[in-house]
Each structure stands twice: as C-alpha cells, then as structure tokens.
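Written out below as structure tokens is the structure these notes cover.
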Amino acid sequence: MSLKPSRLNTFLLAISGSLYLYLGYSIERYQSFVLIGLYALLFSIFIYVFRKNQFSAKQIILTALILRLLFLFSMPVLSDDIYRFIWDGKLIHEGIHPFAHVPSWFIENGQLPKSLSIELYRNLNSPDYFTIYPPLA
C-alpha cells in the first residue's frame, strides 16, 4: 500500500525546503532572532506534516536526505570553528600533532607547513590556544 501525502503537506515540505535554503545560504551569525524563528517555524512544520504518520519510513528518509542535500554547497557560517578543523587536519596530514604547538607558534617562528596559509591562520578564532578538538586515531 502506497501512502500519499496531501497537497498541503507537499506544499509545506516545499516551504521547508525554501526555508532550509535560506537558512543554509543567507543567515549570518549575528542574526540570532531570525535563526531561532526559522528553527521554530521549521520544527512546527515538521510536527504538523509528520504528526499523523501519513508517510512511510522510506518517504521520511527520502525527504530527510533531500532536505540535507540542500546544504551540500553551503559554507557553515554559524561557527568559525571550521577553520580550526581545517588547520588541525592539515597539520595531521603533514605529520604534525595538533597539540604540539599553538598556531601562532608557526607564524612567530617562520615554520608554517606547506599546506597551511596565512589566510587560513587569519580566520582562526583562537590562534594562541591549543586545539580543543582531539584527533581520532
């Protein structure tokens, strides 16, 4: 038996997609109230659409995947920790443990590894601190 969502639910899912696109590509860190409002609205739509279990598990998973694919090319702007992840990953790739030195040490001592750049360093939010993200072995 195939379950068919109503036109209203389909419309609301399309609105959700539009709101996710806005969230992923237009929101800035300082827009806290807009962010909270979007999350509340998206959650409300989710509760309304899926409350009566009108969708099969396959449809729910497919919908979730499609909505997540909308973020595929968006830059994670709500946190600048991404630059530290990149910094630490490049250090590991060079064979340097991220807890060996703080990022500013590489600049001050003129020993910046080849894969790292000054531009990346300038984007770090805590260049004078050791990483707080332990690497996985």
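Note that the coordinates shown come from a computational prediction; the quantities given were computed from them, not determined experimentally. We number each residue from 1, following the sequence as shown.
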Closest non-hydrogen atom pair between Ser115 and Glu94, with its separation: OG-OE2, 3.0 Å
Rounded distance [0.5 Å steps], CG in Asp88 versus NE2 in His97: 10.0 Å
Linked, directly or transitively: Ile15 and Ile36 (ILVMFWY side chains, under 4.5 Å): no
Considering all heavy atoms, the nearest Gly17-Leu70 contact: O-CD1, 3.6 Å
Which atom of Thr131 lies closest to which atom of Arg84, heavy atoms considered: N-NH2, 2.9 Å
Exceeds 12 heavy-atom contacts within 6.0 angstrom, atom CZ of Phe11: no
Pairwise distance CG(Leu35) to CD(Glu28) - rounded to 0.5 angstrom: 11.5 Å
Minimal non-hydrogen separation, Pro103 against Pro127, with atom names: CD-O, 3.2 Å
Residue pairs passing the ring pair (Phe, Tyr, Trp, His ring centres under 6.0 Å) test where at least one lies in residues 13-47, sequence neighbours excluded: Tyr20-Phe71, Phe46-Phe50
Heavy-atom check, side chain of Val77 versus side chain of Ile27, under 4.5 Å: no
Ile82-Tyr129 co-clustered via ILVMFWY side chain contacts under 4.5 Å: no
Set of residues satisfying side chain to side chain donor-acceptor pair (under 3.5 Å) with respect to Arg122, sequence neighbours excluded: none
Counterpart residues, side chain to side chain donor-acceptor pair (under 3.5 Å), relative to Ser104 (two or more places apart): Asp128
Cluster link Ile66 to Leu23, ILVMFWY, side chain under 4.5 Å: no
Heavy-atom closest contact (Leu91 atom, Pro98 atom, distance): CD1-CA, 4.0 Å
hydrophobic_cluster_shared for Phe73 and Leu69, side chain cutoff 4.5 Å: no
Check: Ile47 main-chain N/O paired with Arg51 side-chain donor or acceptor under 3.5 Å: no
Qualifying residues under ring pair (Phe, Tyr, Trp, His ring centres under 6.0 Å), relative to His101, sequence neighbours excluded: Trp105, Phe106
Heavy-atom pair of closest approach, residues Ile45 and Ser16: CG2-OG, 3.2 Å
Result of checking Leu67, Leu65, Ile61 against Thr63 for side chain to side chain contact (heavy atoms under 4.5 Å, CB included): Leu67
Beyond-backbone contact of Trp87 with Leu120, side-chain heavy atoms, under 4.5 angstrom: yes
Under the side chain to side chain donor-acceptor pair (under 3.5 Å) test, residues paired with Asn123 that sit two or more places apart: none
From OG (Ser117) to CD (Glu119), nearest 0.5 Å: 4.5 Å
Partner set under ring pair (Phe, Tyr, Trp, His ring centres under 6.0 Å) for Phe130, not counting sequence neighbours: none
